[in-house]
Peer 1: 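Shown below is the structure under consideration.
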Amino acid sequence: MISAIRRYLYTGSALILCTLCIFLCSCGQNHGNEDNAGDEKITRESEKITIGLSQIGSESDWRIASTESVKAAFSSSEGYNLIFDDAQQKQENQLKAIREFIDQGVDYIILDPIVETGWDSVLSEAKEAGIPVIVYDRLIEVDDDSLYACWIGSDFKLEGERACVWLEEYLKSSGISRNINIVDIQGTLGASAQIGRTAALEEAVLKNKNWKIIARDTGDFTTAKGMEVMNDMLEKYGSDINVVYAENDNMAYGAIEALENRGYKVGLDVDEGEFLVLSFDSTHNGLQLTLDGKIAVNVECNPLYGPRLTEMINALEAGIPVEKETYIEEEQFSGVSYIGTIQVRNRPYTVTYLTDEIISDRQY
Amino acid sequence: MKTWNKIKSWPLFLPVLALLLVMAVNIIHDAATGVNPLSFFMISLRNTTTNGTILYGRIIDIINRGSEVAILAIGMTLVVSASAGTDISVGSVMSLCASFMCMMLAGYGVSSTTTLAVPLVIGLLCAMVMGLVCGAFNGTLVAHLSIQPMVATLILYSAARAIGLLLCNDLIVYVRNPSFAFIGAFLGPIPTPIIITAICIIVVSLVLKKTALGMYIQSVGINARASRIAGLNSKLLIFLAYLLCGLFASIAGIVASSRITSADSNNIGLYLEMDAILSVALGGNSLGGGKFNLAGSIVGAYTIQAITTTLYALGVSSIQAPVYKAIIVIIIVVIEAPPFKDFLRKQSAARAAKGVRA
């Protein structure tokens, strides 16, 4: 008998709890809808700007630094209310997240798309709801450009050009005029970073008659694959190779390991049979290798999107038109002190001479 | 003719033949391009500044790079034999063990270090213990809860890599310490992974030869119920197979991570479970469990690597390589398939009969 009463009590309290929850949720929902309508401008301005951020995942140090930067820029102390969603490498998760942001009635959606295609329908929904979408890092391909407000990202081709021009300058200033055999360890084929960086190298080879790409293969942006590809290139070409053009730091690291394991020297003296390594991204590990003189020049791929995204949002908030596509500023590092600036696309770029302090001061 | 028949009935005949055929492609290619036909097989000594004198050549490359798959194939063979199922978690477990080890060696949250936080031995033991824990988890699910092996190991297949990332605080942990790098580098002139693989193979084959363990595992695989009635502890034996598989996965993880002196949780051991299963199949073992041939699996593992290296040598880009790899694997599997063997036998019998009549 007592147990029966107890059971009723339990069921009863559970029911009450459920009702309470539903009630509270629906209250929240109503509140959100009123907010979305935004008919009272004064209350809105005193409120925080709500931003929905859909981001790819945490597959590399670079990505983590990027996420940290955006999170810091849109912290609540800065006057923002950030709803963060980690898509864990899946587009479905990103589509779901964006639809949730629309339901929640956020003010802006920031998207780092995992792939270029398949965004049309979800972005139309955002447009219908009147929420501006800012895309950063990777590109998207949509039929209607007005589906997103703007895009900020890296100019990968420029990065490649900066590395190649540096190599030209270096060879010129050290009086090396021999034939230069280059191997290209490419990123994941089809990734925009790979396409841009490979294209820049191809153009540079056309421009410099004594340069030649003798081998190329993809290292998938990973250390292990970079090492494997380098090993095979060494089996085939051995010390015929002069320059290793590694399309990111992880692969450069793998290639350097492979070279050193097989007794080849990595450095700057091409005439003495040393392998000159060019790399990209400027991660902590990559810069350490650059400081050690193993990577000749390292072009940054800046992950710190936070400040630029804030600028964009401020401009959109104030009603100032923003450029559709802008590139983020990037640096370039080297352990060679005497090449201070290089000219690329008729614009000077500084090559920073690397020191321990610079590495320890960097945020990633 | 008699010796030929003897060779043909040797259980390793087909796996070895497949391996030799793959290698033969290189002879033809080298001869056709005008290089020394045997250049693929040349082994030379090379002086290096960092590692002293080392062995050099494509064959060394195959044995060296095939190490991880060969080590995994040992454990996979036992699992397949005992439980008539495959352990698809080995690649992820490799990654987890490597991440755990590098986290211990570098200290939590550190992304790059040259000094070890704990002695190397502790790090290695941690990796192996992690491997044993994973193996025990899989083993318990399969042996004691009778969950189908593929479903049971699917749990760690998807979770282990993520746990590894958590342990490494979402970072790629670099341990650039010579004593750690040594495992993936050279011992004297020989690459260390080759030696580690050799030790694993020798220990396991000694255990299987000197004890009845191999026979027990096979009998459990053929009929678990009958074995139990005959007095074997079937559950324990299946559990043991998974435990060992986990241990070997951890050793493979140690080798893979030492090669790149870092724990790249997202990429270590990626898709290697498939290569391990394939090497068991290429070795002429039935994936239906029961009788197994360890040497066959190991030959299978090196065959896979030989295919990869051959494709590189032929200048096939690594993006297209899987297509050719698939074609070669299909051919090998068809040659080794029982119906095909029967067909050949019937053909030769018919020819013999014709000969008699004439």
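All values below come from the heavy atoms of this structure, side chains included, with hydrogens, waters and symmetry mates left out. Below, chains carry the letters A, B, ... as their sequence lines are ordered, and counting in each starts from 1. All figures in this text were calculated on a predicted structure; none of them were measured in a lab.
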Peer 1: Could you tell me which portion of B:Ala162 (side chain, backbone, both or neither) has an atom closer than 4.5 angstrom to a non-hydrogen atom of chain A?
Peer 2: neither
Peer 1: Could you tell me whether the side chain of B:Val175 reaches within less than 4.5 Å of the side chain of B:Leu116, counting heavy atoms only?
Peer 2: yes
Peer 1: Side chain from CB out, backbone as N, CA, C, O: work out which of these in B:Ser112 comes under 4.5 Å of a heavy atom of chain A, or both, or neither.
Peer 2: side chain
Peer 1: Going by salt bridge (Lys or Arg N to Asp or Glu O under 4.0 Å), name the residues that satisfy it together with A:Glu159, two or more places apart in sequence or in a different chain.
Peer 2: A:Arg197
Peer 1: Count the heavy-atom pairs under 4.5 Å between each of B:Ile260, B:Thr308, B:Thr309 and chain A, then report the option with the highest count.
Peer 2: B:Ile260
Peer 1: Which pair of heavy atoms, one from B:Ile71 and one from B:Val255, lies closest together, and at what distance?
Peer 2: CD1-CG2, 4.4 Å
Peer 1: Report yes if the distance between the aromatic ring centroids of A:Phe280 and A:Phe156 is under 6.0 Å, otherwise no.
Peer 2: no
Peer 1: Let me know if A:Gln288 has heavy atoms under 4.5 Å from chain B in its side chain, its backbone, both or neither.
Peer 2: side chain
Peer 1: Flag the one option from A:Asn231, A:Asp220, A:Asp217, A:Leu189 with the top tally of heavy-atom pairs under 4.5 Å to chain B.
Peer 2: A:Asp217
Peer 1: Go through A:Met227, A:Lys236, A:Arg262 and name the one with the most non-hydrogen pairs under 4.5 angstrom from chain B.
Peer 2: A:Arg262
Peer 1: Is the shortest side-chain heavy-atom distance between B:Arg65 and A:Glu228 below 4.5 Å?
Peer 2: yes
Peer 1: Got a list of side-chain donor-acceptor pairs under 3.5 Å for residues 91-99 of chain B, not counting sequence neighbours?
Peer 2:
residue: B:Ser92; atom: OG; partner: B:Tyr157; partner atom: O; Å: 2.7
residue: B:Ser95; atom: OG; partner: B:Ser265; partner atom: O; Å: 2.9
residue: B:Ser99; atom: OG; partner: B:Ser95; partner atom: O; Å: 2.8
residue: B:Ser99; atom: OG; partner: B:Ser265; partner atom: OG; Å: 3.0

Peer 1: Checking A:Arg216 against chain B: side chain, backbone, both or neither under 4.5 Å from a heavy atom?
Peer 2: neither
Peer 1: With a 4.5 angstrom heavy-atom cut-off, is it the side chain or the backbone of B:Tyr312 that approaches chain A, or both, or neither?
Peer 2: both
